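Any value given below was found using the heavy atoms of this structure, including those in side chains, with hydrogens, waters and symmetry copies removed. Computed from a prediction, not measured in an experiment: that's the story for all the values here. For reference, positions follow the sequence shown, starting with 1.
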Amino acid sequence: MTEGQGRLEASLGNWLANLGSEEAAVGLLATAEDLIDAAESETPSADVWHRYLNETRRTSFLQALPDTQARYRWAETTFSVVQTTQFSLETLFEQRVREHPDRILFQEMEGRESLLWSYESIFRRLRTMAALFWKTNPETPRVAIVSENCLDAACCDLACLSYDILVTPLNPHFNQETLGWIFDELGINTVVVETEELRDRLESTRALVASPFHLFVVDPDAETPGPRESRLGESMAQLGRTEVDEILDARPRRLITDLATVMFTSGSTGRPKGVQYTIYNLISKRFARAAALPKVGDDELLFCFLPLYHTFGRYLEMMGMIFWGGAYVFAGNPSFETLLGGLQSVRPTGLISIPRRWQQIKERCLAEMDAAEDRASREESFRRTVGDRLRWGLSAAGALEPAAFHFFQRHGVELCSGFGMTEATGGITMTPPGAYEDNSVGVPLPGLTARLSEEGELQISGHYVARYLGDPVPAPGEDYWLPTGDIFRVRESGHYEIVDRIKDIYKNSKGQT
């Protein structure tokens, strides 16, 4: 054991013996900072550093730190540790399974019935799916997922991200020519679709692509597939646990800084743009969000209705719940009535949505509250509408009037404003909880540096700023600046405010491009 490892273990032990102590939290942070700068011979083992990541991600630690600056310092230590120890999504998931194997991760709503999936059961499902993809294409599986939100599509995505398989989740409303172009660009050889209808559409895409692909259908009741087609569940059932372990143990590994996944923008003009991410982009963003939302993380439950082929649904919601050890409930469809019913029956603790949905929820709340006779009854009406556990939220992808933010904040929902892009793995700025300013999109998130050009255009650089398909994948710490196309001004408080657009394309209050 090195001296550095002994120091880190001692600081971890002191923190665990004095949970909630500011002194113990600051001492642990200082020890980590010292060891990151220490000689390589004094560096703790990866296992001890991974314990540091696991213990300090919790709300008890983040709230024990004295201020925002300390939490941003903590985030920087996690970025360094993730890089040097190759902390992957597979490692993160294994941590959660060891800690709470029986806790519910995913829940499916089927009418009045709920199907519950624990961390352990999903972990086994991911391993089986990944082994199936490696067995189908032993050299280099490259997977496309064409599906609306559903559990198996989400599991396919996580299986690929966890087990070194390039994956792209695609909007099922892309036309056949766009899908064929994407398949050729990425060399896709495995496609997962949710329904028979999508299977039939993809059959006509086969003639448009240069290379053949194997197609897996999620729907277990789909008609008997043709050549190079299989039902996903049936194929998984043919793999025993021993074979799964052997296949995954033998797979080639990639670095967390290698290309892992590509997401495509909506393509409002011409072909959609592909944005490429590394596992480091995804993991570093999770620690950045934790630093920015220090009260989020205990018994969290989010309601899945944002598309998982967009960044906020895929990263902040789905991967956020895995990071925080929470639960994720699949809504079934993205309608407002489904969302409203889910708020009341599922009782989520947080909600990420577009401005129009927040405005609709506010209007429904006011309609219910106007019939109440006194203040207590009005508050009961509010909670009957949004659920008794909703305590935080984020509005992004458009402008929401300040009155809506104040309305929810008055009633105990810390609604934050944010600005983000697919190219930034989601969020770029956010109003800190308890520090909302009218018409502001907040301050830059941890791990991200922002500057304004001479014209006032916001340019960003940082750990989770990605590049476009075909560009070199940026190395961590590389001096790469991405222009956002939006003109901002910075207030004396440090908050950013959008004042104009360089581009003519914009998002309206419905989140539409």
Side-chain angles (χ1 to χ4, degrees), residues 1-16 25 27-58 61-62 71-99 123 126-127 130 158 160-165 248-249 251-261 277-291 297 315 319-320 322-325 425 446-447 462-464 466 473-478:
M1 175 189 299
T2 66
E3 179 183 348
Q5 179 157 324
R7 287 178 57 197
L8 184 57
E9 288 184 337
S11 290
L12 279 166
N14 183 52
W15 162 249
L16 294 173
L28 177 53
L29 174 58
T31 298
E33 290 175 323
D34 287 345
L35 294 176
I36 287 169
D37 294 331
E40 186 176 345
S41 60
E42 295 300 315
T43 301
S45 67
D47 287 344
V48 178
W49 273 127
H50 291 174
R51 279 183 55 207
Y52 171 79
L53 294 177
N54 191 39
E55 295 299 338
T56 60
R57 70 180 171 87
R58 305 178 196 275
F61 177 83
L62 295 173
R71 285 188 283 273
Y72 276 47
R73 284 170 48 203
W74 166 79
E76 290 296 333
T77 69
T78 68
F79 303 149
S80 294
V81 171
V82 168
Q83 291 177 49
T84 57
T85 66
Q86 292 291 299
F87 183 77
S88 65
L89 184 60
E90 178 187 11
T91 306
L92 187 152
F93 212 108
E94 288 174 344
Q95 284 184 341
R96 304 299 175 269
V97 173
R98 284 195 300 270
E99 187 169 349
F123 177 68
L126 301 190
R127 288 183 61 82
L158 291 169
C160 294
L161 293 173
S162 298
Y163 295 101
D164 307 296
I165 300 170
L248 295 183
D249 288 345
R251 78 186 191 275
R253 308 298 176 91
R254 66 186 172 203
L255 299 175
I256 63 170
T257 50
D258 291 337
L259 175 63
T261 182
Y277 307 89
T278 67
I279 294 298
Y280 178 69
N281 294 146
L282 314 189
I283 296 292
S284 61
K285 189 53 171 282
R286 300 279 50 79
F287 284 97
R289 276 290 185 192
Y315 296 141
M319 290 189 62
I322 296 170
F323 176 87
W324 282 308
T425 322
H463 295 271
Y464 40 83
V473 175
E478 183 181 340

Please assess His50 against Leu53 for the test side chain to side chain contact (heavy atoms under 4.5 Å, CB included), listing each intermediate value before the final yes or no.
CA-CA 5 Å; His50 291 174; Leu53 294 177; 4.2 Å; yes

*asked:* Between Tyr280 and Phe79, does the ring pair (Phe, Tyr, Trp, His ring centres under 6.0 Å) criterion hold? Intermediate values first, please.
replied: CA-CA 9 Å; Tyr280 178 69; Phe79 303 149; 7.0 Å; no

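For the pair Arg71 (side chain) and Leu62 (backbone), a donor-acceptor distance under 3.5 Å is present. Counting only distance, with no hydrogens or angles, the side chain of Arg57 and the backbone of Phe323 share a donor-acceptor pair below 3.5 Å. Put simply, the side chain of Thr91 never gets that close to the backbone of Phe87: no donor and acceptor are under 3.5 Å apart. Glu55 contributes no side-chain N or O that, together with a main-chain N or O of Trp15, makes up a donor-acceptor pair within less than 3.5 Å. Arg286 places no side-chain N or O within 3.5 Å of a backbone atom of Ile283 that could act as its donor or acceptor partner.
When ring centroids are compared, Tyr315 and Tyr464 stay outside the 6.0 Å threshold.
The two atoms that bring Pro446 and Ala288 nearest to each other are O-CB, 3.3 Å, heavy atoms only. Of all the heavy atoms in Leu28 and Ser11, the pair that sits closest is CD1-CB, 3.6 Å. The minimum heavy-atom distance linking Leu35 with Pro44 is given by the pair CD1-CG, 3.8 Å. Of all heavy-atom pairs between Asp164 and Arg254, the closest is OD1-CG, 3.2 Å. When all heavy atoms of Phe123 and Tyr163 are compared, the closest pair comes out as CE1-OH, 3.5 Å.
Note that CD of Gln86 is 10.5 Å distant from CD1 of Ile279, once rounded to the nearest 0.5 Å. Between atom OG1 of residue Thr84 and atom CD1 of residue Ile36 there is a gap of 7.5 Å, rounded to the nearest 0.5 Å. Between Cys160 atom SG and Leu89 atom CG the span is 11.5 Å, to the nearest 0.5 Å. In this structure, the separation between CD on Gln5 and OG1 on Thr43 is 10.0 Å, given to the nearest 0.5 Å. If you take CG on Asp47 and CD on Glu9, they are separated by 10.0 Å, rounding to the nearest 0.5 Å. Here the straight-line distance linking atom OG1 of Thr78 with atom CH2 of Trp49 works out to 10.5 Å at 0.5 Å rounding.
In this structure, Leu282 and Thr425 have side chains that are in contact, with non-hydrogen atoms separated by less than 4.5 Å. No side-chain heavy atom of Thr278 sits less than 4.5 Å from a side-chain heavy atom of Thr261. Contact of the Asp34 side chain with the Arg7 side chain is registered, since non-hydrogen atoms from C-beta on lie closer than 4.5 Å. A heavy-atom distance below 4.5 Å is found between the side chains of Leu92 and Arg96.
Donor-acceptor pairing under 3.5 Å is lacking for the side chains of Thr77 and Ser80.
Surrounding CD of Glu3 are at most 12 heavy atoms belonging to other residues, nucleotides or ligands under 6.0 Å away.
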